[in-house]
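Have a look at the structure below, then the notes.
Numbered from 1 within each chain, the chains take letters A, B, ... in sequence-line order.
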Amino acid sequence: MTKLTDLTVTEALSGLDQKEFSSLELTQSHVAAAEKGQTETNAFITTTFDQAIEAAKASDARRSAGDAAAIDGIPIAMKDLYCTKGVRTTAASKILENFVPPYESTVSQNLLDAGCITLGKANLDEFAMGSANVTSAYGSVTSPWSGPEPSKAARKLIPGGSSGGSAAAVAGRFAMAATGTDTGGSIRYPSSVTGIVGLKPTYGRCSRYGIIAYASSLDQAGPMARSVDDVALMLREMAGYDPKDSTSMEIDVPDYTTALGKSIKDLKIGVPREYRLEGLPKETESFWDRGAEMLRNAGAEIIDISLPHTKYALPTYYIIAPAEASSNLARYDGVRFGYRCAGETLDEMYENTRGIGFGAEVRRRILMGTYVLSAGYYDAYYLKAQKVRRLIRQDFDEAFKKCDVILTPTATGTAFRIGEQEDDPIQMYLNDVFTITLNLAGLPGISVPIGLCADGLPLGLQMIGRPFDETTLLSVASALEKETAFDGRPPFVI
Amino acid sequence: MSIDAQTARKIARLAHIKIPPDELTAVAEDLSKIVEWVGQLDEVKADGVEPLANVNDKSLGWREQDVVTDGGKAKAILANAPSRTADYFTVPKVVE
């Protein structure tokens, strides 16, 4: 029999239904794998194995009684940005080192209601600010990938960020699926470099209530898993209108699993010419072309499209996101919760608390955001960025008059080593060049593994859908997944 | 350099983040690089373009009834307080 940790969520649910194994057995095998995986990858900030075992027993009891929920008994990892009632939630920051939320985020509650079992709180970049998972106050996450040759086994690679712990746990086969959040690529980039599937839904599709805010007009929750079927299943349970989040949309959540395996004949797939960046590695470009060819084989029509403001997306983001972050993170002042550093006066207490409590990248973004919002600069930077943001959205609106889904690389290349790129923030920001446009435009996007590069590491392709049309997006992703038949496994789990 | 040490000090004050005086120049240089990089937006002609804040252009509805739906959770709210007295958060003395 296949190892329980190798199953997809969809396969495991069928096994649970057929009584081939119990959720307790499934959860125990994942706990055992996670204990080893944790030593190798540091994927979790907090583990909740004991609660997981108890929850698995309760799930088995529900299934015996015929009361099993939609994804009952499936062990997952929860990004430590989701507030979980009674379980420490840090956002990977020292400033929240002792914060135990008295309430549950809507999306994690939805997953609990669907029967999911949480193995622990997954590591991330501090406040989700980063794309390599190297800014966590609880240590970097190491990817379960290192390349095939024994000489490279000791290479410590980034799992991508910010949802790096989630990606490492899913790729390393010690969580069946995970939650992520995506503000500029934080689900899709880690999915690409760890060879898994990650979906950022349309802005407003999932509630942000109880998810620690980074940049509120861009943040969106989404699933990460090892198959398109699994992310469709997860999204169906995570999504939905929530009166507690005024930006969540009051529209029906379709059953995304019906989109899977559907013919993509007559769909038009746009390939944006502006994404052929100068200096884009040949290998990435050829995988991109191969992906387009595969979709053509599956019956879709490939067309050339233009997104003229693409090159301005990164600078636009690095005005808007820090501006929103500086405002959101003003709440961490050492008064009501979190870390406090004493001071003689109230102001000194604030400054000490925040000076010590925040890491370097978070500090950088708060200062940047404070600057662009400060008197005299607001129009030149923040307002201008919001205008360019509309132009970027209009590019997509125009493109979607000609095509149904857009195909691009998720990232320029495969994972880099931990420690690389750390000295130059702008170099680090460039990792998100293909993903960040979607957050600015509020569109759904998915990364699906396309293959292994010459260095033995996985690479993903990104598909972009119309607002709230995750269904068509998933149909195309499912068709590509079938064509690629990707079966890359990180050497760590073999 | 578009941001000097004195401006960096002012921003840090506004952001309530303590930066040791000997680090101000480095912080200013770091911020300057990013500010200069985002300055490429100057090339974009965007006069008359409506700024975009919410991608779904959703306008918030009016509250139907203004009633209290939650509350009475002082204990839960205070449970994470770094310092408290009875049902109050406490901070260093503000008024002499």
Side-chain angles (χ1 to χ4, degrees), chain A residues 98-100 102-103 203-204 217 246-247 249 309 311-312 315-316 318-319 326 330 333-340 342-352 354-356 358 363-364 366-372 374 381 383-391 393 425-426 440-442 467, chain B residues 2-3 7-8 10-20 23 27-28 30-61 69-70 73 75-84 89-95:
Chain A
N98 52 13
F99 176 57
V100 179
Y103 68 104
Y203 183 81
S217 80
S246 61
T247 62
M249 298 297 276
H309 294 90
K311 69 176 274 208
Y312 300 110
T316 300
Y318 278 99
I319 292 170
S326 71
D333 57 6
V335 175
R336 289 146 300 149
F337 50 82
Y339 169 81
R340 173 188 287 196
E344 288 293 310
T345 64
L346 184 61
D347 276 342
E348 205 180 287
M349 189 272 278
Y350 290 152
E351 291 185 0
N352 291 346
R354 293 163 60 81
I356 295 169
F358 291 132
R363 240 176 4 231
R364 175 184 284 135
I366 293 175
L367 293 173
M368 178 70 190
T370 306
Y371 178 72
V372 298
S374 62
Y381 292 107
L383 206 63
K384 180 69 184 274
Q386 283 191 315
K387 289 178 176 183
V388 180
R389 184 176 183 184
R390 184 171 298 277
L391 296 174
R393 167 69 184 229
I426 293 170
L440 291 166
Chain B
S2 45
I3 296 178
T7 311
K10 190 183 135 208
I11 301 165
R13 268 283 161 81
L14 286 171
H16 279 313
I17 291 178
K18 183 176 183 172
I19 294 175
E23 288 176 27
V27 167
D30 189 51
L31 288 177
S32 293
K33 273 188 214 150
I34 302 172
V35 165
E36 283 154 25
W37 174 68
V38 301
Q40 57 181 295
L41 291 193
D42 290 347
E43 300 163 27
V44 188
K45 286 197 178 63
D47 296 343
V49 176
E50 182 75 15
L52 178 63
N54 182 341
V55 285
N56 293 326
D57 289 325
K58 183 188 178 190
S59 53
L60 300 180
T69 56
D70 204 356
K73 292 179 177 161
K75 273 210 165 50
I77 290 166
L78 284 157
N80 279 290
S83 165
R84 63 176 184 264
F89 298 107
T90 50
V91 295
K93 198 170 178 182
V94 181
V95 184

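- Interface remark: of the candidates B/Gly48, B/Ala53, B/Gly39, B/Pro20, B/Ala53 forms the most heavy-atom pairs closer than 4.5 Å to chain A.
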Exercise for review: Mind running side-chain contact (heavy atoms from CB on, under 4.5 Å) on A/Glu351 and B/Arg13 for me, showing each step along the way?
Suggested key: CA-CA 8 Å; A/Glu351 291 185 0; B/Arg13 268 283 161 81; 3.4 Å; yes

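- Counting heavy-atom pairs closer than 4.5 Å to chain A, the top-ranked of the candidates B/Lys33, B/Glu43, B/Lys10, B/Lys73 is B/Glu43.
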Review point. Stepwise, does the side-chain contact (heavy atoms from CB on, under 4.5 Å) test hold for B/Ile19 with A/Leu367?
Key: CA-CA 11 Å; B/Ile19 294 175; A/Leu367 293 173; 3.7 Å; yes

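- Of the two parts of B/Lys45, only the backbone, made up of N, CA, C and O, holds a non-hydrogen atom closer than 4.5 Å to a non-hydrogen atom of chain A.
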**Study point:** side-chain contact (heavy atoms from CB on, under 4.5 Å) evaluation trace for A/Met368 with B/Val38
**Key:** CA-CA 11 Å; A/Met368 178 70 190; B/Val38 301; 4.0 Å; yes

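- Counting only heavy atoms from C-beta outward, the side chains of B/Asp30 and A/Pro425 approach each other to under 4.5 Å.
- For chain A, the nearby parts of B/Ala76 are the backbone and the side chain; heavy atoms of each come within less than 4.5 Å.
- Summarising the geometry, atom NZ belonging to A/Lys311 is positioned 6.5 Å from atom CD belonging to B/Gln40; distances are rounded to the nearest 0.5 Å.
- Neither the backbone nor the side chain of B/Arg84 comes within contact range of chain A; no heavy atom of the residue lies under 4.5 Å from a heavy atom of that chain.
- Within the 4.5 Å cutoff, the side chain of A/Leu346 has heavy atoms near those of the B/Pro92 side chain.
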Point to revise | Step-by-step side-chain contact (heavy atoms from CB on, under 4.5 Å) determination, A/Met249 to B/Asn56 | key: CA-CA 9 Å; A/Met249 298 297 276; B/Asn56 293 326; 3.8 Å; yes

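- Interface remark: B/Val27 contributes side-chain atoms only to the contact with chain A (heavy atom separation under 4.5 Å).
- For chain A, no part of B/Leu78 is nearby; none of its heavy atoms comes within less than 4.5 Å.
- Using a 4.5 Å cut-off between heavy atoms, B/Val44 touches chain A through backbone and side chain atoms alike.
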